[in-house]
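Below is one structure, written out as C-alpha cells; comments come after it.
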Amino acid sequence: MPRYDPLEIEKKWQDFWDKEKIFKFDKNAPGEVYTIDNPPSFTSGTLHMGHALNHSWIDFIARYRRMRGFNVLFPLGFDCHGLPTELKVERVYGVRKDDRDKFRQKCEEWTTEAIDKMKEQFKRLGYSADMENEYYETRMPWYKALVQYSLVEMYERGLVYRSSQPVLWCPNCGTALAKAEVGYVEKEGKLYYLAFDVVDTDKKIKIATTRPELIFSCVAVMVHPDDERYRDLVGKKAKIPLADREVPIIADEEVDMEFGTGAVYLCTYGDEMDVKWQRKYKLPVYISIDPKDKLTSIAGEFAGLDAEEAREKVAEKLRKIGVLYKEEKYVHNVLSHTERSSCMHPIELLPIPQFMIKVKPFIEDIKKAAREMKWFPDYMEGRLEDWANSMDWDWIISRQRVYGTPVPFWYCEDCGEIIPPDKEKLLKGEFVDPAKDKPPVEKCPKCGSTRIKGSLDICDCWVDSSITPLAVAHWKRDDELFGKAYPTYLRPQGTDIIRTWAFYTIFRDLILTGKLPFKHVVVNGMVAGPDGKKMDKSYGNVVPPEEVIDKYGADALRQWALEASLGEDYPFDWKKIKYATKFQTKLWNASFFMGKHLEEFDPSFEPDLKRLRPSDRWILSRLNSVIDYSTDMLDKYEFGKALNAIRNFFWSEVCDNYLEMAKSRLYGNDDEEKNIARWVLYQLLMKSTLLLAPFIPHITEEIHDLYLKKFTGAKSVHLLKWPGVDKDLMDSKIEEEGKLAVAVASAVRGFKTKNQMSQKEELSKVTIYNGSSLRQWETDLKETLKIREIEFADGVGSIAVEGVDVSLNIEK
RNA sequence: GGGCUCGUAGUCUAGGGGUCAGGACGCCACCCUUACAAGGUGGAGAUCGCCGGUUCGAAUCCGGCCGGGCCCACCA
C-alpha cells in the first residue's frame, strides 16, 4: 500500500473538480438557494493565515450545505480598490497620483498580478467556489456600474448630500476618511502650558495644549462655568500672541476642570469638540493647516512648515516671548489613519467639500435589522449595536484618490445642486466617470447655471463592498434568480470588520431592498501566531498558509482551521497540523483495510439484524449518534465540535476497537458472519467518508474513488448526500455496554503490556467480576483479546477496570 | 475609563450544575499484533487564576479581585 501523499493527490482532485465543473452553480437545480456572501478578498497578492481560516470555514459550509440538499451559490470575489494598492504603486513604481491615467493603469496591472496569485492559492486550499461563473472583481465595469446605480437610488431618496463641514482628513494619503477608518494610537508628546494676557486686566489666563502650532487658528478660550479660578474672566477677552488676535473667554459645561489648567484654547480645528463649539458659539474660522499638513500663510514666518516640525518651532518662539511657561512629557491618544492601511498618520479636521450619505436617521432600523438576523456567536450582534450607538457622523463616501469607483455625480458650482447620471446606462453595466464624461445636463436644473462640474473623487471602498449581497445575488442583472438568492443565507466575516463591512452592508442593502441582506452572520476571530501574539510582521511570527500546504497539504491546514471556535481569536499551531496529518494517515490505512475487505462485498446484502453481534450493534449505534451530534453542531456552525467528535469516533472506536473485534470474522470461514462484518464495515467506511468529506475534501475523494465509487456510482464524493440518522440503530444501552467492553479490553491489554507480552499472545482465562452485562460480548471479547476462557463472577478481582465498578482476574 | 471575551497537567486545549475533569503534544515503559513502527498498547502528570456567594452538590451559575486578548472612548 502506498503512503498517502497529500501534495500529489490534492493537486489531482483540484484539477479534476475544475475540469469536470463539479461545483458549477446551476440556478435551475433543485433545492433552496443557499447564497454565501463571500468576503471579497482585498487584492494584496497573497492569502494570509486569516484568509486560510476564514475561507476554510466558508468552503466547509458550502460543501456541507450542498450535501444537505441546498443549491449553494458560492461566489468568489476580489476587493480591488483601496489605499494599500495606491500607496504600493506610489512607492514601487514611483508614479504620482496626479498622473491619473498612468497611475490607474499601474494599479490595474498590480491588481491583475495579485489576483492571479491569489486565485491559485484559493485553488490549493481546495476551494469549491464557482470561480468561473459566479466570479467578481469590484473593479469590473458591471460591478462599478452597480455600485453607482445603488448610489443614485440613495440619492433619489434624498440620502446623498454635499457638505463643506470639517471632515477627517489624512494629510499623508491626501484624502477624507470615514470615522470607521480612523482610530486612536498612543503617542508620546508634550503638554505645553501657555499664559495669555486677559485684555483690560492685569491678569493672565493659563491653558494647556498638545498642539501649540494651532495657535494661529485660536478663536476662543474655554473654561467651565463652575470653575472658581476663571469665573471673573468669563466674558472678557484673551490676547493671543503670534496670531495677534483677541478672542472671547467662554464658559461651557463640557470643559473638564480637572485637565491641565482647566482652561482650553479652541482652534479651528483641533478636534471634534472644536467643531462643535465653533458652531455653537458661531465663532470665526481660521485655517492654519493645509491638506498636506503644512502651516498656511496665516502662520506668518512658520508658513510652509510641517505641522509636526512647526510644533517645536512655535513652542520655541512662545518660550522666548514668555508665553510658554511650562512643558511636560505626556502620553496621549492621537486620532490616526488606522483602518486597512499602514499609514497611521495623525488625522486633521479640514473643511474640504465631500459627498456624504445620511446614516444617523437609520440607526434604529439598522439595530433592529441586526437583531432580526442570527449571529454566531450571538454576542457579536452586540458589537454591531455598540458601534451603531456611537455613530454621530454621517458617512463620508468620497475619497480624493484615483483608483476606485468614481463618485457618479456632477454638481453645480453655483448652487451646489447634485446632478446624477442616467440610470439606464448604469443598468446596462456601463459605469460613468464624471471626471471625464460629459454631464447629463447642460444647465443646473435648480438655478440654471451652466457651471456644471463632475466629481473627481472616487468612492470609499466600503461603498463597493457594502453591496456584495446584492451583487452576488444578481441584483438588477437577473430578477428571477435575485428572488431566490436574496436575502443571502450567510454572511461570513471577521470580528474586525463588524463596524465597517457588516454595518455598512446592513445599512445600504436594507435601504435599497427593504430586506435584510442575510439570515446568518458567522463571525470568526483573528489568527494569532504560534506564540499567541497577533500574527504580524513586526512580531516575526507570521506563518504563510502556503508553507503549511507545501509541507502537509490543504486537508491538514483545513483541519486546523475548522477546529477554531466561533468568534474567538485562534493561534496557529504546528502541533494541530501534525495531529491532522496523523489522523489522515490513520484514515488512509483504515480505509485500505476496510476497502480490501469490501472487494467482494455485495451491497445488496441485507443482514438479519438479529444475527448482529453486540460489537456490531454498538458501533452502528455510535455511528448514528455521531451523525446526529455532528449534524446538530454543524447547523450551528460549530465545526470544531463536530470534527473532534468524528475524528475521535473513527480513531478510538472504529479503528482501535471495532476493527479489532471484526477481524476474526473477516478472516474466518463463516460466510454469513463474514458478510455481516463486511456490511458493518461498509456502513462505517461510507458514512465516515461522507462525514469527513467537507472537512478534508481531497483525501475523502481519493478514498471514495478507490473503494466506494463502485457502490455509489458517483463521479465525486462531493456530489453525495450527507448521511441521515437511522434511529432504529441507536440504542443507549448497547452504547453503555460498548464503553464497558472497551474499558475491559483496555485493562486486558494493559495486563499484557505490563507483563511484557505481545498483544497476540493468548491468555488462558479471564474472570470478569460484577460485569454480567457483558455476557453477550463473550465471543467478541474472546476473539479480540485472544482469551481461551471467560468466566463471569460476583466479587472483586485483582485488576481494576478504569472508570467502572468492574474488575478482573487474568491467568496467563 | 467603558463594553465584550478568555484564564483547565510542562505546553495547547475539550467540557458550561451531579459518576474518579476528556483529548493532543511532550515525557516514561512495553510491543514488528494478518490496515497502519510517519504505527500500536499501557503509564506518570491538574487542589479547573484568586476570594466570596447561590445549591444537598460548582471547573461549570452569581459577585468581587488578579491577569491576558479584542473592541470602543473628545478630553485639550
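In this text, all values refer to a predicted model and were calculated from it rather than measured experimentally. Letters A, B, ... are given to chains in the order of the sequence lines, protein chains preceding strands, and every chain is numbered from 1.
Note on Thr495(A): nothing from the nucleic acid sits closer than 4.0 angstrom, heavy atoms only. Residue-level contact check: Tyr330(A) touches the backbone only, with heavy atoms under 4.0 Å from sugar-phosphate atoms and none from bases. Nucleic acid contact for Glu258(A): none, since no nucleic acid atom lies under 4.0 Å from a heavy atom of the residue. The residue Gly260(A) sits apart from the nucleic acid: no heavy atom pair falls under 4.0 Å. Nucleic acid contact class of Thr784(A) (heavy atoms, under 4.0 Å, all strands): none. At a threshold of 4.0 angstrom between heavy atoms, the contacts of Lys276(A) with the nucleic acid are absent. Within 4.0 Å of Glu272(A), counting heavy atoms only, lies no atom of the nucleic acid at all. Nucleic acid contact for Lys582(A): sugar-phosphate only, since backbone atoms but no base atoms lie under 4.0 Å from a heavy atom of the residue. Within the nucleic acid shown, Tyr379(A) comes within 4.0 Å of sugar-phosphate atoms alone, with no base atom in reach, counting heavy atoms only. Within the nucleic acid shown, Trp574(A) has no heavy atom closer than 4.0 Å to any nucleic acid atom. Within 4.0 Å (heavy atoms only), Cys267(A) reaches no atom of the nucleic acid at all. Residue Ser591(A) is out of contact with every strand shown, counting any heavy-atom pair closer than 4.0 Å. Asn333(A) comes within contact range of at least one nucleobase, with a heavy-atom separation under 4.0 Å.
Residue Asn589(A) has its side chain nearest to C36(B) when only C36(B), C70(B), A76(B) are considered. Counting only heavy atoms from C-beta on, Thr753(A) has its side chain closest to A29(B) among G3(B), A73(B), A29(B).
In the interface, the side chain of Lys575(A) is not paired with the base of C12(B) through any donor and acceptor atom under 3.5 Å apart.
Toward the 5′ end of RNA chain B lies the nearest nucleotide of Lys752(A), the other residue of the pair Lys752(A) and Asp569(A) mapping further downstream. Toward the 5′ end of RNA chain B lies the nearest nucleotide of Glu563(A), the other residue of the pair Ala747(A) and Glu563(A) mapping further downstream.
Within the 4.5 Å cutoff, side-chain heavy atoms of Trp395(A) are placed close to those of Tyr504(A). Between Tyr4(A) and Ile703(A) the shortest side-chain heavy-atom distance does not fall below 4.5 Å. For the pair Trp574(A)/Val543(A), a side-chain contact is recorded, criterion being any heavy-atom separation below 4.5 Å from C-beta on.
Going from atom CD of Glu181(A) over to atom OG1 of Thr500(A) covers 9.0 Å, rounded to the nearest 0.5 Å.
Remark: the separation of the C1' atoms in U33(B) and G42(B) is 15 Å, to the nearest Å. If you take atom C1' in U47(B) and the same atom in C20(B), they sit 15 Å apart, rounded to whole Å.
Geometrically, Lys663(A) engages Phe593(A) in a cation-pi contact, judged by NZ or CZ lying under 6.0 Å from the ring centre and within 45° of the ring axis.
In terms of phosphate contacts, Trp387(A) brings no side-chain nitrogen or oxygen within less than 4.0 Å of OP1 or OP2 of C4(B). One finds no side-chain N or O of Tyr570(A) lying less than 4.0 angstrom from the OP1 or OP2 phosphate oxygen of G69(B). Under 4.0 angstrom from either OP1 or OP2 of G15(B) there lies at least one side-chain N or O belonging to Lys641(A).
With 3.5 Å as the limit, one finds no donor-acceptor pair spanning the side chains of Glu213(A) and Ser288(A).
Rounded to whole angstrom, the span from the CG atom of Asn524(A) across to the P atom of C70(B) amounts to 16 Å. Phe503(A) has its CZ atom 14 Å from the C1' atom of C72(B), to the nearest Å.
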